[in-house]
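What follows is one structure encoded as structure tokens, with my remarks underneath.
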2 protein chains.
Amino acid sequence: MEDFLIKMGYTGLTGRLKRLNDQFVYQTKQFYDDLGVDIEPNWHMIFLLLEKEERLTVMDMANATRISHPGIIKLLNKMKKNGYVSSKKDVDDQRKRYWFLTKKAKEKLPELHTYWEAGDLALRELLENNDELLTLLQVVEKNIYEIDYTQRMKNNMK
Amino acid sequence: MEDFLIKMGYTGLTGRLKRLNDQFVYQTKQFYDDLGVDIEPNWHMIFLLLEKEERLTVMDMANATRISHPGIIKLLNKMKKNGYVSSKKDVDDQRKRYWFLTKKAKEKLPELHTYWEAGDLALRELLENNDELLTLLQVVEKNIYEIDYTQRMKNNMK
DNA sequence: TAATTTTGCGTAACTAGTTACATAAATATG
DNA sequence: CATATTTATGTAACTAGTTACGCAAAATTA
């Protein structure tokens, strides 16, 4: 059957982004499950952030990823449950809580990097080694950051 | 602060797709809320499908959109709750249930089209009237359909 | 220094999809 | 024609994010 979302042109774009992303997420999850790895797709960026920065607060990670802070907290609580991260209150600022990778996480990182590299290669295949999509995406990201989509829709009414 | 997902290159792409889509969804919802319209962003494609085809089964819509059938059922139940769709069992095949737009939906369609047109224009602005992104996306969609992402990652292991 | 504002974290309720499983009706097969 | 398979729908439990709200600590302001 013909793909209605593609047929819709511009109108179908947002649905296609969703659909494609869902495929990435659920198939990455499948990949981890098949290999018996107890991590989830979206933990990737947290692992990388904490590998690079050693310790970060919830707000640090929210700002770096542009994900809302409750979203980050949900991620961290699951990673904590699986023993990959731990946290400690800042002694100087009692509001802040620093998060860091556990010993288990650090020991597992080399193995995880092999999976992530395989994922990167698979993605390059899908893009046919053309990184134009990333560039075009960045244009949209810049534009939507400057004037958001809600406002643009309102401006285009009547 | 610098955008970590963009800095990640290929590795950050899937997160960026998710993030961008979330912005479209939540900001479209905001747009509807501000205008006092009681519909949700993802109902758009169902409205268009049923406007074109008159009556369709759950599986018809799942196949046309490449969304899982439980996903479609969830959509339809909410649309039904708001009085936009209704359904009737097929008399010949008792397994099938046909869905169609209600009178309320048909009367509201002209108004809804004005919102969707504003959304289309806003999207064109964000893309700077360059439909290259849609073309590139279609390449990825074709490739992931032929060999899925899980399999590609596995092939790239070791 | 007392009152106000801002910041950081956390929870609740929500949208939007998925996979896994169950059931009944229709179809295919031996 | 009885049995097995496929198809269509539906439910449950899950991932992954959001906005709205509350509270306490720190920072700012009067």
Side-chain angles (χ1 to χ4, degrees), chain A residues 5 14-30 32-34 38-46 56-63 65-82 87-99 150, chain B residues 5 14-30 32-34 38-46 56-63 65-82 87-99 150:
Chain A
L5 260 50
T14 59
R16 286 164 69 186
L17 287 179
K18 169 72 176 162
R19 193 172 63 177
L20 187 58
N21 177 73
D22 282 340
Q23 291 194 62
F24 282 130
V25 171
Y26 288 107
Q27 293 188 17
T28 303
K29 186 160 175 48
Q30 184 69 54
Y32 289 148
D33 284 354
D34 290 353
D38 68 331
I39 67 168
E40 284 170 28
N42 56 342
W43 298 2
H44 188 172
M45 55 186 169
I46 303 296
L56 291 170
T57 67
V58 168
M59 289 310 295
D60 290 338
M61 293 184 255
N63 290 331
T65 58
R66 266 79 161 159
I67 286 174
S68 68
H69 79 271
I72 298 290
I73 290 173
K74 282 200 175 181
L75 275 178
L76 289 171
N77 283 336
K78 281 186 197 164
M79 290 180 75
K80 182 184 171 185
K81 212 170 142 192
N82 286 45
S87 69
K88 216 159 72 179
K89 272 207 167 182
D90 186 345
V91 283
D92 298 320
D93 186 337
Q94 289 292 307
R95 291 169 308 180
K96 288 186 183 176
R97 176 179 288 279
Y98 281 106
W99 290 84
T150 307
Chain B
L5 260 50
T14 59
R16 286 164 69 188
L17 287 179
K18 169 71 175 161
R19 193 172 61 179
L20 187 59
N21 178 73
D22 281 342
Q23 291 193 62
F24 282 129
V25 171
Y26 288 109
Q27 293 188 18
T28 303
K29 186 159 174 46
Q30 183 68 53
Y32 290 148
D33 284 354
D34 290 353
D38 68 331
I39 66 167
E40 285 170 28
N42 56 342
W43 298 0
H44 188 173
M45 54 187 170
I46 303 296
L56 291 169
T57 66
V58 168
M59 288 310 295
D60 289 338
M61 293 183 254
N63 291 331
T65 59
R66 267 78 163 158
I67 286 174
S68 68
H69 79 271
I72 298 290
I73 290 172
K74 282 199 173 180
L75 276 177
L76 290 171
N77 283 336
K78 281 187 195 162
M79 291 180 75
K80 182 184 171 184
K81 210 171 141 193
N82 285 46
S87 69
K88 217 160 70 182
K89 274 207 167 184
D90 186 347
V91 284
D92 298 319
D93 186 338
Q94 288 295 305
R95 292 169 308 179
K96 286 187 184 176
R97 175 178 290 279
Y98 281 105
W99 290 83
T150 306

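Lettering of chains follows the sequences in order, A, B, ..., and the numbering in each one begins at 1.
- Less than 4.0 Å separates DNA chain D from at least one heavy atom of each of the following residues of residues 90-98 of chain A: A:D92, A:D93, A:Q94, A:R95.
- For the side chain to side chain contact (heavy atoms under 4.5 Å, CB included) with B:W99, the qualifying choice from B:I73, B:V58, B:I46 is B:V58, the only one to do so.
- A residue-by-residue look at A:W99 and B:K89 shows that A:W99 has its nearest nucleotide of DNA chain C further toward the 5' end.
- At distances below 3.5 Å, not a single donor-acceptor pair connects side-chain atoms of B:N21 with backbone N or O atoms of B:L17.
- Whole-Å rounding puts the B:D60 CG to D:dT7 P distance at 14 Å.
- Using a 4.5 Å cut-off on side-chain heavy atoms (C-beta onward), B:I39 and B:N82 make no contact.
- Between B:K18 and A:K18 the shortest side-chain heavy-atom distance falls below 4.5 Å.
- Taking CD of B:Q23 as the start and CZ of A:R66 as the end, the distance is 10.0 Å to the nearest 0.5 Å.
- Using a 4.5 Å cut-off on side-chain heavy atoms (C-beta onward), A:T57 and A:Y98 make contact.
- Heavy atoms of A:M59 sit under 4.0 angstrom from primed sugar atoms or phosphate atoms, though from no base atom.
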Exercise. Along nucleotides 14-21 of chain C, 5' to 3', which nucleotides get a B, which get an S, and which get a -, given that the test is a protein heavy-atom distance under 4.0 Å?
Worked result: -BSBBBB-

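- A:M61 has its CE atom 13 Å from the P atom of C:dG8, to the nearest Å.
- B:D34 has its side chain within reach of B:Q30: a pair of non-hydrogen atoms, C-beta onward, lies under 4.5 Å apart.
- Side-chain contact between A:M45 and A:L75 is present, with at least one heavy-atom pair separated by less than 4.5 Å.
- Going from atom CG of A:L76 over to atom C1' of C:dT11 covers 15 Å, rounded to whole Å.
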